[in-house]
Amino acid sequence: MTTKNNRKLTKIIPLAFGLVAIIAGMSVVPSLGQQEATAAINCPSGGGACYGTSGNDTIYGSANRDIILAGAGDDTIFGNGGDDNIYGEAGKDTISGGAGNDNLYHSGSASGSDGFADSLDGDSGSDTCHWNSSDGDTMANCTSIPW
């Protein structure tokens with residue numbers, strides 16, 4: 001089904017198991033029912049909150065400030081531009097902050113360990129990496145803040 005909304009073309013694509021993907025411009029926004037799927041997710045171009053699924057996602061931040069919560073699964077996250085806050089949450093995640101002064105978190109919990117070996121790379125900018133050595137997390141190009 002295709003609809004026109006404020007001169008934007010929106011396409012709703014039925015997926016397996018009753019799931020849908022909503023494509024608005026270049027963004028793929030997973031529906032609430034898509035929690036077990038693997039998705040490629042583009043965060044909204046204006047920045048703001050962006051959510052992954054419980055599957056193995058590839059998430060692309062915008063050129064603006066994003067708050068990315070990857071969800072469970074072994075995710076690959078690219079912050080791109082802006083001063084981002086990126087939370088890998090559960091799973092073995094690979095996080096690249098990209099341009100900007102980013103805060104990268106291996107999990108969504110301040111308790112420290114999430115039981116997965118994550119890779120955090122601040123890339124360019126003045127970045128901080130919140131990581132846990134007991135999980136086997138690694139970090140590069142950022143100020144280390146062990147949890």
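Keep in mind that the numbers below use all heavy atoms, side chains included, and drop hydrogens, waters and symmetry copies.
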To check you understand the geometry: which heavy-atom pair defines the closest contact between D66 and S62, and what is its length? OD2-N, 2.7 Å

Beyond-backbone contact of L104 with W131, side-chain heavy atoms, under 4.5 angstrom: no

Applying a strict under-4.5 Å side-chain criterion to I, L, V, M, F, W and Y, I'd like to know whether F116 and I145 cluster together. no

Minimum heavy-atom distance between S144 and M139, given as atom pair plus value: CB-CE, 3.1 Å

So, do N85 and R65 sit near enough that their side-chain heavy atoms are less than 4.5 Å apart? yes

Spatial distance of atom CG (D75) from atom OG1 (T94) [nearest 0.5 Å]: 9.0 Å

When you compare the side chain of F78 with that of T58, does any pair of heavy atoms fall below 4.5 Å? yes

Between the OH atom in Y51 and the CD1 atom in I41, the distance rounded to the nearest 0.5 Å is 12.0 Å

By the definition side-chain hydrogen bond (donor to acceptor under 3.5 Å, both in side chains), identify the one residue from T128, D84, D127 that meets it with N103. T128

How long is the gap from CD1 on I86 to CG on L120, to the nearest 0.5 Å? 9.0 Å

Can you check whether N101's main-chain N or O pairs, donor with acceptor, with D83's side chain at less than 3.5 Å? yes

Backbone of N141 reached by a side-chain donor or acceptor of D123 within 3.5 Å: no

Drop me the distance from D57's CG to I68's CD1, to the nearest 0.5 angstrom. 11.0 Å

At their closest point, which heavy atom of G88 faces which heavy atom of A70, and how far apart are they? O-CB, 3.5 Å

To check you understand the geometry: which heavy-atom pair defines the closest contact between D135 and H106, and what is its length? OD2-CE1, 3.4 Å

Here the gap from C129 atom SG to D121 atom CG, rounded to the nearest 0.5 Å, amounts to 7.5 Å

Test item: E89 and L69 side chains (from C-beta on) under 4.5 Å apart, heavy atoms: yes

Do I95 and Y105 pass the side chain to side chain contact (heavy atoms under 4.5 Å, CB included) test, and can you show the C-alpha distance, the side-chain angles, and the key distance before you say yes or no? CA-CA 9 Å; I95 304 172; Y105 300 86; over 6 Å; no

Rounded at 0.5 Å granularity, tell me how far CG in D137 sits from CG in N132. 6.0 Å

For D102 and G122 the tightest heavy-atom approach is OD2-O, 4.1 Å

